[in-house]
Structure formats: structure tokens, C-alpha cells
Amino acid sequence: YQKVDNESAVEDASPHRLIQMLMTRGLERMSQARAALEREDIPQKGLMLGKAISIIGGLQSSLDKDQAPELCENLDRLYDYMQRRLLEANVHNDVDKIEEVSGLMLTIKSAWDEIDPAPRTAAG
């Protein structure tokens, strides 16, 4: 049932909401990787970090460089950095690097959450 609910949520979501969902999923995967590392479940840690890296890659590929070129360039570099740090965290079993990237993602997500994609109408 959860899979059906998730698929329905994705089908009905606006582009803005889809980005929010990706960010949330990325944060969840990093949290799961951190928990796996703490219980020394290295295969699960690797799987979850791989998923988080893929999600960040999806966010990176969704950047619309025609809309805000400078912002997109900065986010592109930040997403690249985040992916590299998660790769390093995976290789070195480093919780601090996972925490660093989680913090960066939370910062980006909180800014994204502040954007109101709904068109504004004049109060009349």
C-alpha cells in the first residue's frame, strides 16, 4: 500500500513538490546510512549512501539553468561536492561526512520550502 501511495503522490505532485520529495528522500537515506553505520551494517550503509548520491544526482540534473544561471551554477557545484563527500563517507565509514551533507541538504530544503510556487492573485 505504501508503494501505491508513494506512486500516487508522485503522479499528483507539482514540480516544486517533487523536488521537496527528493530532498526528503535524500535526507531519509542519509539517516538510514548513518544508522546502518552505527550498527556496523556496512552493506546497508553502502546501499543507502548510493541511493542518497543518486537522489542528489537527480536534483542536480533537474536544475533549470535558463531560469537562474548563477544560482544553478552554485547549486550544481554544491551538489557535486555533496556527492563527493558521501562517496568519501562510504569509503571511510565516516559519520561526520554524512552529517555534513545532511546539514547542507537541510539548509537547501529549508530555503526551497520557503518558496511559494502558487501564483499570487491580487486581493480585491
Chemist: Taking Leu104 as the starting point, is it possible to reach Leu87 by hopping between hydrophobic residues whose side chains are less than 4.5 Å apart?
Modeler: yes
Chemist: Scan for ring-ring contact (aromatic ring centres under 6.0 Å, His included) pairs involving residues 20-78, sequence neighbours excluded, and state none if there are none.
Modeler: none
Chemist: Does any pair with a residue in residues 32-90 pass ring-ring contact (aromatic ring centres under 6.0 Å, His included), and if so which ones, sequence neighbours excluded?
Modeler: none
Chemist: Find out if a path of hydrophobic residues (ILVMFWY) with successive side-chain heavy-atom gaps under 4.5 Å connects Leu59 to Ile115.
Modeler: yes
Chemist: Would you find a donor on one side and an acceptor on the other, under 3.5 Å apart, between the side chain of Ser110 and the backbone of Leu106?
Modeler: yes
Chemist: Counting only pairs under 3.5 Å, give me each side-chain donor-acceptor contact of residues 43-50, with atom names and distances, residues two or more places apart or in other chains.
Modeler:
residue: Lys45; atom: NZ; partner: Asn90; partner atom: O; Å: 2.7
residue: Lys45; atom: NZ; partner: Asn90; partner atom: OD1; Å: 2.7
residue: Lys45; atom: NZ; partner: Asn93; partner atom: OD1; Å: 2.7

Chemist: Give every residue pair that meets the ring-ring contact (aromatic ring centres under 6.0 Å, His included) criterion with at least one member in residues 39-68, sequence neighbours excluded.
Modeler: none
Chemist: State, to 0.1 Å, how close Ala52 and Gly26 come at their nearest heavy-atom pair, and which atoms those are.
Modeler: CB-O, 4.2 Å
Chemist: As an exercise, state the distance from CD1 of Ile108 to CD1 of Ile19, rounded to the nearest 0.5 Å.
Modeler: 11.0 Å
Chemist: Consider only side-chain N and O atoms of Gln60 and Asp80, and report whether a donor and an acceptor are under 3.5 Å apart.
Modeler: no
Chemist: Quick check for you: to the nearest 0.5 Å, what is the distance between Ser61 atom OG and Leu63 atom CG?
Modeler: 8.0 Å
Chemist: Hey, is Glu100 close enough to Lys97 for a salt bridge, meaning N to O under 4.0 Å?
Modeler: no
Chemist: So how far is it from Glu114 CD to Lys109 NZ, rounded to the nearest 0.5 Å?
Modeler: 10.5 Å
Chemist: Could you tell me which non-hydrogen atom of Ile98 sits nearest to which non-hydrogen atom of Ala89, and how far apart they are?
Modeler: CG1-CB, 3.7 Å
Chemist: Report the C-alpha separation of Met30 and Leu86 in whole Å, then their side-chain angles, then the decisive distance to 0.1 Å, and conclude whether the side-chain contact (heavy atoms from CB on, under 4.5 Å) test is met.
Modeler: CA-CA 9 Å; Met30 286 182 263; Leu86 289 180; 4.2 Å; yes
Chemist: Could you give the distance from CD (Glu28) to CE (Met21), rounded to the nearest 0.5 Å?
Modeler: 10.0 Å
Chemist: With salt bridge (Lys or Arg N to Asp or Glu O under 4.0 Å) as the rule and sequence neighbours excluded, what pairs involving residues 49-66 come up?
Modeler: none
Chemist: Output yes when a side-chain donor or acceptor of Trp112 lies under 3.5 Å from a complementary backbone atom of Met23, and no otherwise.
Modeler: no
Chemist: Show the nearest heavy-atom pair for residues Leu22 and Ile55, with the distance to one decimal.
Modeler: O-CG2, 3.2 Å
Chemist: Checking side-chain contact (heavy atoms from CB on, under 4.5 Å) for the pair Val101/Gln83: CA distance, chi angles, key distance, verdict?
Modeler: CA-CA 8 Å; Val101 176; Gln83 291 176 71; over 6 Å; no
Chemist: How far does OG1 of Thr24 sit from CZ of Arg29, to the nearest 0.5 angstrom?
Modeler: 10.5 Å
Chemist: Starting at CG of Asp96, measure out to CD of Glu88 and round the result to the nearest 0.5 Å.
Modeler: 12.5 Å
Chemist: Name all pairs fulfilling the salt bridge (Lys or Arg N to Asp or Glu O under 4.0 Å) condition that reach into residues 68-79, sequence neighbours left out, sorted by first residue then second.
Modeler: Glu73-Arg77
